[in-house]
Amino acid sequence: MSQTKEKPPAGRVQDPNRQAVRVAFNPLRPTDKPQEFYDEIKQKFAEERDLRLSYRPEGQAQYTSELTGELARYEVDPWAEATVERAPINDYVECLFIGGGFSALLTAARLREKGVESIRIVERGSDVGGTWYWNRYPGAACDVSAYDYMPLLDELGIVPPSFFAKGPEIFAHCQAIARRYDLYDLAVFQTTVTSTAWDEKAKLWRVSTDRGDSMTARFVICANGTLSKPKLSKIAGMEKFKGHSFHSSRFDYKYTGADLSNLKDKTVGIIGTGASAVQIIPRVGRAAKELYVFQRTPSAIDIRDDIPTDPEWAASLTPGWQKERIRKHVESTAPGYGLTEEEKAALAALPREEKIRRQENQNIEHQMRIHKRIEEIVKDKATAEALKPWYMHRCKRPCYDDEYLPAFNLPNVHLVDTHGKGVTEINERGVVFEGREYPVDVLIYATGFEVQVTGIYNDIRGENDLSLNDKYADGMRTVFGIHSAGYPNLFIMGGYQASFQFNLTFMLQTQGQHIAECIKFVRDNNYTTIDAAPETEEWWVQEVIRHRGKTNRNAECTPGYYNFEGESNRRQDGNYNGGMKQYVEHLQDVQQNLPKHFKFT
């Protein structure tokens, strides 16, 4: 079967010095088409959103992440050869991380640099890596520049070999960090934390696991990741399917073959067209006898255009080059960055409504460029139309891939567009949609992950035995998305009320540095505990509220995990939208006077 690849546009060259943000809209630039053009498209966006909401009014309840009973197999670790038997652990460590991805690795590295020796990672998988441990499907790669996404490049003396890093490279980088900072020594793998409870008398956290462990720790860092727990769409009859099936994050190479060659006589179905599916589909499409792609809402696919790292550029880098990139990125998120004084004055003079209108119009123009690219690549007009995203940029996770769209030109790849309804029925032989049966040998569920709010699999209880979920029932309450009053010595990473960054590792490095500074302060001053002061928590909740809900964008977006599948939510139950620079400055200001903002005992 021939491989069909899209060639990047002639003359296009990646700039390794370019910042991580790919798309920005400038309200100083007026758009030149009649406003009616944009209004008509915006109306189409609204119609497509409403159609999807009418089909799935239950919001997040349309999915399940409680994979028990018949569904438990979709969460089984395919990468572990066998469960390593061991006796229960009943010891004490100073710092315990729940999770072994970048959150844990980055923070643990900073703690090592500050002299902390007793560090344990407790990880559900059989190695570190987090997302990159689990997601090893064909084509797995990061669509943020490797020079930005892969952390601690300075410390490890590494320059990535290409502009974008592939999954195996990133996984190996995680392992290298763990070795560099001796994080394997006390690590515990194939172990799930089930309970984290504060012992007020002992001033310790008591951590229980599914392996019978009863560990204690002075500090606990919840580093289990933002998107870690696989979820499945609730589809009638899925348990009846007699063929083979698996979740994309548990890709079954034993069935497909390492090179997917076992699929040459197989008909494959894949449910979902999000970020994972976009990378899987071209590879499976080239390998399988037939591939049926079941789509509810198309992803927006932009140019990837990967290139090898320029050796001369790499040789020109000086020590501290990545830290300088991060500093420049943070600076670039400041309002008015890069503008002249005249431009700043012009921006300030623009009415708020006009700023929003211009940005929305530019957003629409960006999406129409995406539409035009689809038309130029996909030969079948009906398929091309079905692949067009009818929503604003970043309503859903943007994707960057040069092989996805050409895959639909392969004669054996078939798009089944469900027009926003989604797959509603599966029988013994395969998928049924609108009365037509699609028999398949194997079904791949590329249906995503539960968005982390607190601890996945883990019941977190603080002072007075209060569950963190119960505390959040009336609205999330944190400081920086990291601390929550009444949960001493507990730190949460990558959750809500923190700054959202398309390059997540920028934010994780910032949080990790802050956590290390807090723990260092406790140790240096002979304190036992640190806890958020209620007034500091209230200040941060109000900061989050102040910077959310400035537009109707969330409500106007097509349903997806960015907007809780279209559910209404409290303004405090989301990310801090004041910008990365302001988030960093808030962290630094608080670190200058920790006793003012935290309670110490």
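Start at 1 with the first residue, then count along the sequence. Just so you know, these numbers use all the heavy atoms, side chains as well, and skip hydrogens, waters and symmetry mates.
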| said: Taking ring-ring contact (aromatic ring centres under 6.0 Å, His included) as the definition, give me every residue that meets it alongside F408, ordered by chain and number, with sequence neighbours left out. | reply: Y404
| query | With side chains defined as the heavy atoms from C-beta onward, is the minimum distance between R180 and L105 less than 4.5 Å? | reply | no
| Expected output: side-chain N363 to main-chain Q359 donor-acceptor under 3.5 Å | no
| message | Between K381 and E375, does any side-chain N to carboxylate O distance fall below 4.0 Å? | response | no
| task | Check whether any side-chain heavy atom of Q582 lies under 4.5 Å from a side-chain heavy atom of S499, and answer yes or no. | result | no
| field | Distance-only polar pair, side chains of Y391 and E48, donor-acceptor under 3.5 Å | value | no
| message | For the NZ atom on K388, are there more than 12 heavy atoms of other groups (residues, nucleotides or ligands in this structure) within a distance under 6.0 Å? | response | yes
| What's the verdict on side chain to side chain donor-acceptor pair (under 3.5 Å) for T297 and R52, showing C-alpha distance, side-chain angles and the deciding distance? | CA-CA 9 Å; T297 303; R52 284 156 176 77; 2.6 Å; yes
| query | For atom NZ of K355, is the number of surrounding heavy atoms from other residues, nucleotides or ligands below 6.0 Å larger than 12? | reply | yes
| message | Assess, by modelled atom type and distance only, whether the side chains of H244 and D252 contain a donor and an acceptor separated by less than 3.5 Å. | response | yes
| request: Taking R397 for its side chain and G274 for its backbone only, find out whether a donor-acceptor pair lies under 3.5 Å. | output: no
| field | Contact check, side chains of R283 and E403, non-hydrogen atoms, under 4.5 Å | value | yes
| Residues, nucleotides or ligands: over 12 heavy atoms within 6.0 Å of K344 NZ | yes
| request: Mind checking the CG-CG spacing from D401 to D143? Nearest 0.5 Å is all I need. | output: 8.5 Å
| Check: Y255 main-chain N/O paired with N262 side-chain donor or acceptor under 3.5 Å | yes
| task | In sequence, state the C-alpha distance, the side-chain angles, and the governing distance for K44 and E47, and then conclude on salt bridge (charged side-chain N to carboxylate O under 4.0 Å, His left out). | result | CA-CA 5 Å; K44 171 73 169 177; E47 291 168 0; 5.3 Å; no
| query | Would a 4.5 Å heavy-atom cut-off, applied to side chains only, mark V440 and V268 as touching? | reply | no
| Side chains of Q511 and M493 in contact at under 4.5 Å (non-hydrogen atoms) | yes
| field | Pairs satisfying side chain to side chain donor-acceptor pair (under 3.5 Å), at least one member in residues 151-165, at least two apart | value | R110-E155, D154-W321, E155-K323
| query | Do the side chains of V442 and F246 get nearer than 4.5 Å, heavy atoms only? | reply | yes
| Can you name the salt bridge (charged side-chain N to carboxylate O under 4.0 Å, His left out) partners of K229, sequence neighbours left out? | E66
| request: Please answer whether the main-chain N or O of I301 pairs with a side-chain N or O of S299 as donor and acceptor at a distance below 3.5 Å. | output: no
| query | For Y55, what residues pass the ring-ring contact (aromatic ring centres under 6.0 Å, His included) criterion, not counting sequence neighbours? | reply | none
| field | side-chain contact (heavy atoms from CB on, under 4.5 Å) between L263 and K289, worked out | value | CA-CA 7 Å; L263 298 178; K289 175 185 175 184; over 6 Å; no
| request: Please answer whether the main-chain N or O of M150 pairs with a side-chain N or O of H173 as donor and acceptor at a distance below 3.5 Å. | output: no
| message | Please check: side-chain N/O of T309 versus main-chain N/O of P160, any donor-acceptor pairing under 3.5 Å? | response | yes
| field | Which residues share a ring-ring contact (aromatic ring centres under 6.0 Å, His included) with Y438, sequence neighbours left out | value | Y292, F294
| request: Begin from the C-alpha positions of L587 and F480 and carry the test side-chain contact (heavy atoms from CB on, under 4.5 Å) through to its verdict. | output: CA-CA 8 Å; L587 283 166; F480 304 133; 3.3 Å; yes
| Can you find a side-chain donor-acceptor pair between Q362 and N26 that sits under 3.5 Å? | no
| request: Would you check if the side chain of R296 reaches a backbone N or O of G422 as a donor-acceptor pair within less than 3.5 Å? | output: no
| Around atom CD of Q35, are there more than 12 heavy atoms of other residues, nucleotides or ligands at under 6.0 Å? | yes
| Do the numbers put R304 on top of the ring of F164, so that NZ or CZ is under 6.0 Å from the six-membered ring centre and no more than 45° off the axis? | yes
| What orientation do Y74 and Y445 show, parallel under 30°, tilted 30 to 60°, or perpendicular over 60°? | perpendicular
| said: Among W132, F506, F171, Y149, which residue satisfies the ring-ring contact (aromatic ring centres under 6.0 Å, His included) criterion with F102? | reply: Y149
| Can you tell me if Q295 uses its side chain to pair, donor with acceptor, with the backbone of T273 under 3.5 Å? | no
| query | Between the side chains of Y133 and S126, is a donor N or O closer than 3.5 angstrom to an acceptor N or O? | reply | yes
| So, N412 and E290: side-chain donor and acceptor under 3.5 Å apart, yes or no? | no
| Counting N and O atoms only, with roles assigned by atom type, does the side chain of Q588 sit under 3.5 Å from a partner on the main chain of E585, one being a donor and the other an acceptor? | no
| Test item: Y63 and E450 side chains (from C-beta on) under 4.5 Å apart, heavy atoms | no
| request: For the residue pair H247 and E75, confirm or rule out a side-chain donor-acceptor distance under 3.5 Å. | output: no
| task | Assess whether side-chain contact (heavy atoms from CB on, under 4.5 Å) is satisfied between F449 and S249, documenting all intermediate values. | result | CA-CA 9 Å; F449 305 87; S249 67; 3.7 Å; yes
| query | How would you list all residue pairs meeting ring pair (Phe, Tyr, Trp, His ring centres under 6.0 Å) that involve residues 31-52, not counting sequence neighbours? | reply | none
| said: Main chain of A141, side chain of Q279: is a donor-acceptor contact present, judged purely on distance under 3.5 Å? | reply: yes
| message | As a quick check of understanding, evaluate side-chain contact (heavy atoms from CB on, under 4.5 Å) for E556 and E360, giving each step before the final call. | response | CA-CA 12 Å; E556 292 175 352; E360 286 185 341; 4.1 Å; yes
| message | Against F163, only a single residue in Y400, Y147, W313 fulfils ring-ring contact (aromatic ring centres under 6.0 Å, His included); can you say which? | response | Y147
| note | The reported gap from CG in L443 to CD1 in I271 (rounded to nearest 0.5 angstrom) is 5.0 Å
| query | Between Y561 and Q60, is any pair of side-chain heavy atoms under 4.5 Å apart? | reply | no
